[in-house]
Amino acid sequence: MDKKIPWIVKYRPRRVEEVVDQDDAKRLLREWLGQWARGRVPERRAALLYGPPGVGKTSLVEALAREFDFEVLELNASDYRRKTDIERTVGVAAGKRPLFKKGLLILMDEVDGIDPRFDEGGVEALLEVVKSTSNPLVFTANDPWREQIRPLRELCLMVEFKELSEGAIVSLLQRICEGERLQCDKEALKLIAERSMGDARAAVNDLQAVAEGYGRVTVDVVRALIRGRDKSLNIWRTLNSIVYAKQAWMAKKAVTQSEVDYETLITWLSDNIPKKYTEPEDLYRAYEALSRATLQIARSKTSGEWSLLPYVFDLIGPGITFARTSGSISKEKYGFPEKVRLAIQLKTTREIREKLAEQLARNTLTSKSTVKNEIIPYLTIIFRNTSNPIIAARIAIGYRLDKETIKFLAGPNTENVLKTIEKIRKAKPEEVKEEKPETKKQSKTTKEERTAKNNKAKSTGSLDEFLKRS
Ligand SMILES: Nc1ncnc2c1ncn2[C@@H]1O[C@H](COP(=O)(O)OP(=O)(O)OP(=O)(O)O)[C@@H](O)[C@H]1O
Ligand SMILES: [Mg+2]
């Protein structure tokens, strides 16, 4: 087994037939590039490939280019944001002749990353290139419905890529197993495919992680090593099955079928066992089993030798079950381990901040990072100001902030702000109705209007006013 090359690189499809699924996309693109190859300029000179990550967008373009003997010039949209960059790179390439091959294809990845405010005229410059290019131009995007690339959408051949089916991913994984002479259980491959949620890149990476960590790909190992979608889905059931198991195999099965990986499971067990076991002797044996399991994992990680993994399952399954010999099981409920609780809390705070930044950036026509660095800190001060919750309440109403976001901003002052919002709503219902979100209107505004609004937002935008008043 070759450990050095990532398999997503080693097994990147070279021929179109090796790209699994995506038949519609293959047909559309082949027809389109075929026209270019025959020296005809198609009606739409650019194609926009869109769909979730890891489903073959870039791979298919590369494979097709090879099939038609086209050179590929790959550019990343996030590196080419400004008008001048675009003219200098794509603009120039659009008029070039290929050096060695029959044709030249320009591939611009992640075009949805273009941001209209920083790329003054960036999209416009791209449109010009699209209209006049003498080489095929391919854009890729995960989210093609973003407002800023709307004009591009209208000029491009739109090619949809779908999430890959489980079957397609399994066949891809099987091919890799053969290539690596790896012993792979079909069920294990199915499990990897299922957990990848249609993303082949994720599935191939997972397969490599399991194979290199363990040498074989079996259901047990996949369950233990690959994290599921919802990490706490079955945890309560797993804990219960371990604590109440009547037979050793039941406890072991609970461990290998758990939705969480074994390290997380150890964290849950070590925080929850004292809630369930009442006898100190029992507790002592339980912790001994857990510490041996932890030690074994640490050893395996450093040595790369995973053959003792089933022994770890024994320790955290039956090892816990049979640690209890005399005492009874307490009725106390299981709780989130402190470590897990903190991680979840942090994650949601991050998500709320991210969501808020996105909304305010849209509403005030500033960038997300400006919102995060300059606006949210002020909002926090305003929302936590106990003596004057009215401003916070009005901002919350005006921007239709949900309870979660208000709580994030107001912290201990949340109740105060929520009450004030209620008061305002009751006092002047017509005023509340007047405040429409700006997003809806935005899609209909012209470019001039947007620029005007943009300038306005910079100097006298509504959020600015709020900030000044405070
Ligand atoms: N349809 C597919 N057939 C075969 N392999 C695939 C397919 N889709 C993805 N892969 C595997 O995943 C890797 C990444 O695929 P690719 O770069 O084409 O994804 P993408 O759709 O362009 O993703 P992104 O949106 O993140 O750029 C490839 O190297 C290949 O190993
Ligand atoms: Mg790609």
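Numbering of ligands and ligand atoms starts at 1, following listing order.
- Residue D109 places no N or O, backbone or side chain, under 3.5 Å from any N or O of ligand 1.
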Let me have the donor-acceptor pairs involving side chains of residues 90-102, under 3.5 Å, with sequence neighbours excluded, atom names and distances please.
none

Run the side-chain hydrogen bond (donor to acceptor under 3.5 Å, both in side chains) check on T218 and D185 step by step: do they pass?
CA-CA 5 Å; T218 62; D185 290 355; 5.1 Å; no
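- A salt bridge links K190 to E187: at least one charged side-chain nitrogen sits closer than 4.0 Å to a carboxylate oxygen.
- Looking at A200, A203, A25, it is A200 that brings a heavy atom closest to atom 11 (C) of ligand 1.
- For atom 1 (N) of ligand 1, the closest non-hydrogen atom on the protein side is V20 O, 3.0 Å.
- With a 4.0 Å cut-off on non-hydrogen atoms, L172 touches ligand 1 through its side chain and not its backbone.
- With no hydrogens or angles considered, no side-chain donor-acceptor pair links T267 and T264 at under 3.5 Å.
- For ligand 1, the atoms lying closer than 4.0 Å to a non-hydrogen atom of S59 are 15 (O), 16 (P), 18 (O), 28 (C).
- The backbone N or O of K162 lies less than 3.5 Å from a partner atom in the side chain of Q22, making a donor-acceptor pair.
- From the protein, the heavy atom lying nearest to atom 24 (P) of ligand 1 is R201 NH2, 3.5 Å.
- Applying the 4.0 Å criterion to heavy atoms of P53 picks out, from ligand 1, the atoms 23 (O), 24 (P), 25 (O), 26 (O).
- Remark: minimum distance from atom 30 (C) of ligand 1 to any protein heavy atom is reached at P13 CD, 3.9 Å.
- When each of V61, L75, L73, L49 is tested with L107 by the rule side-chain contact (heavy atoms from CB on, under 4.5 Å), just one qualifies, namely V61.
- For R12 and E18, the salt-bridge test fails: no basic side-chain N is under 4.0 Å from an acidic carboxylate O.
- Ion pair D402/K355 flagged as a salt bridge, since at least one NZ, NE, NH1 or NH2 atom sits closer than 4.0 Å to an Asp/Glu carboxylate oxygen.
- Of the protein's heavy atoms, G54 N, 2.8 Å lies nearest to atom 23 (O) of ligand 1.
- By the neighbour-count criterion of 12 heavy atoms within 6.0 Å, atom CD of E160 is densely surrounded, having more than that number from other residues, nucleotides or ligands.
- In this structure, atom 22 (O) of ligand 1 lies nearest to the protein heavy atom T58 OG1, 2.8 Å.
- Nearest non-hydrogen protein atom to atom 25 (O) of ligand 1 is K57 NZ, 2.8 Å.
- Screening R30, K26, R175 for a salt bridge (Lys or Arg N to Asp or Glu O under 4.0 Å) with E17, the sole residue that qualifies is R30.
- Checking G56, G51, P6 against atom 8 (N) of ligand 1, the nearest heavy atom belongs to G56.
- Between the side chains of Y11 and Q208, no donor-acceptor pair of N or O atoms lies under 3.5 Å.
- Listed for the R14 side chain is no donor-acceptor partner under 3.5 Å among the backbone atoms of R66.
- Shown in contact with E18 at under 4.0 Å from a heavy atom are these atoms of ligand 1, numbered in order with element: 3 (N), 4 (C).
- Among protein atoms, those of element N, O or S found less than 2.8 Å away from the Mg ion (ligand 2) are T58 OG1.
- Assignment of V19 to the shell around ligand 1 is supported, since a heavy atom sits closer than 4.0 Å.
- The shortest heavy-atom distance from I8 to ligand 1 is under 4.0 Å.
- Residue-environment remark: NZ (K407) stays at or below the threshold of 12 foreign heavy atoms within 6.0 Å.
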